[in-house]
Amino acid sequence: YAFDSKDIIIKFFNGVYDSITNNGMPFFYCGVVVMIMFLGFFFVKSIKLQKKVLLIAITAFFICSFSLTFLNYAWHVFQKPNWFPFRFGFLLFFVIIYAAAIAFDRIKEIPWHFFVAAIALFAMISMIASNVSNPAISKDDIQLTLALFTICALVMLLMNYKKTALVYIVCFATICTASVYDISRH
């Protein structure tokens, strides 16, 4: 294996950086809205089961490509990569963003309990990530990503029920809070 599977969890959080050399791991964070909607893709009723299975297969193939040294080398024409060992990672992001865009376009079809379950799932993942000892991530990064994930899931839930005024209030409060938080960190 190219890296420890426990360490891969932290790469789904904001602000994580380890290295672009051969010691580094692939980056998986592409935004909380995208992560929520990628999962939401599987709950959209109008999307055929075949497309959902195909998306799972493609995602699994990429994860195997990141995890298994042989497949990683195959992506690099069977040569050890010079720096940035997972440079094909953008293809996975393209697939994830594409699926998320389709789900976002059909957000009204996603049941409300999905958003609640997504928050609970990401909270559990955050607890696991906070127990991973890795200098590439801090507790603040985990808490910030969890907070943003929760807020975005709630905003999308409110969008489903046409609570436009609440969406604007939550978005404004989030922007103000994030700005103050970011300014105070630096």
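Worth saying up front: this structure is predicted, and the values here are computed from it rather than measured.
Using cut-offs of 30° and 60° for the angle between ring planes, the Phe62 and Trp75 rings count as parallel.
Note that the CZ atom of Phe61 and the CG atom of Leu71 stand 5.5 Å from one another [nearest 0.5 Å]. Note that CG of Asn131 is 11.0 Å distant from OG of Ser126, once rounded to the nearest 0.5 Å. Note that CD1 of Ile151 is 11.5 Å distant from CE of Met156, once rounded to the nearest 0.5 Å. To the nearest 0.5 angstrom, Asn14 atom CG is 13.0 Å from Gln143 atom CD. In this structure, CZ on Phe70 lies 10.0 Å from OG on Ser65, to the nearest 0.5 angstrom.
Side-chain atoms of Tyr29 and Lys11, non-hydrogen and from C-beta on, never get closer than 4.5 Å to each other. The shortest distance between side-chain heavy atoms of Leu154 and Ile119 falls below 4.5 Å. Proximity of Val132 to Ile137: side-chain heavy atoms (C-beta onward) are nowhere separated by under 4.5 Å. Counting heavy atoms from C-beta outward, His76 and Arg87 have side chains that approach closer than 4.5 Å. In this structure, the side chains of Phe149 and Met35 come closer than 4.5 Å at one or more pairs of heavy atoms. Contact annotation: the side chain of Leu55 never approaches that of Lys51 to less than 4.5 Å [non-hydrogen atoms, C-beta and beyond]. The side-chain heavy atoms of Phe41 and Arg106, taken from C-beta on, include no pair separated by under 4.5 Å.
Val77 and Phe90 fall into different hydrophobic clusters, where Ile, Leu, Val, Met, Phe, Trp and Tyr residues are linked whenever their side-chain heavy atoms come under 4.5 Å apart, directly or through other members. Note on Ile58 and Val53: separate hydrophobic clusters, where clusters join Ile, Leu, Val, Met, Phe, Trp and Tyr whose side-chain heavy atoms are under 4.5 Å apart, directly or indirectly. Under a hydrophobic-cluster definition in which Ile, Leu, Val, Met, Phe, Trp and Tyr are linked whenever side-chain heavy atoms come within less than 4.5 Å, directly or via other members, Met127 and Leu39 are assigned to different clusters. Cluster membership check: Val116 shares its hydrophobic cluster with Ile36, using side-chain heavy-atom separations under 4.5 Å among Ile, Leu, Val, Met, Phe, Trp and Tyr. By the rule that hydrophobic residues join a cluster once side-chain heavy atoms approach within less than 4.5 Å of another member, Tyr98 and Leu49 end up as members of separate clusters.
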Working for side chain to side chain contact (heavy atoms under 4.5 Å, CB included), residues Ile107 and Met37:
CA-CA 8 Å; Ile107 194 169; Met37 288 290 93; 4.2 Å; yes

Full working for side chain to side chain contact (heavy atoms under 4.5 Å, CB included) between Asn160 and Phe115:
CA-CA 10 Å; Asn160 260 0; Phe115 296 103; 3.4 Å; yes

Side chain to side chain contact (heavy atoms under 4.5 Å, CB included) evaluation trace for Thr59 with Phe38
CA-CA 11 Å; Thr59 304; Phe38 174 72; 3.7 Å; yes

For Phe88 and Phe66: C-alpha separation, side-chain torsions, deciding distance, then whether ring pair (Phe, Tyr, Trp, His ring centres under 6.0 Å) applies.
CA-CA 9 Å; Phe88 58 92; Phe66 294 129; 5.1 Å; yes

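Remark: the Ser138 side chain and the Asp141 side chain contain an N/O donor-acceptor pair separated by less than 3.5 Å.
Taking the six-membered ring for Trp and the full ring otherwise, Phe42 and Phe114 have centroids separated by 6.0 Å or more. For an aromatic pair to be called close, the ring centres must be under 6.0 Å apart, and Phe28 with Phe12 satisfies this. The ring of Phe122 has its center closer than 6.0 angstrom to the ring center of Phe13.
Residues Ala103 and Gly40 approach most closely at CB-C, 4.1 Å, considering heavy atoms. Here the closest non-hydrogen pair linking Cys30 and Ile96 is SG-CG2, 4.1 Å.
Within 6.0 Å of atom NZ in Lys108, more than 12 heavy atoms from other residues, nucleotides or ligands are found, so the atom counts as buried in its surroundings.
For Lys45 (side chain) and Glu109 (main-chain N/O), no donor-acceptor pair under 3.5 Å exists by modelled atom type. Between the side chain of Lys52 and the main chain of Val44, a donor-acceptor pair closer than 3.5 Å is present.
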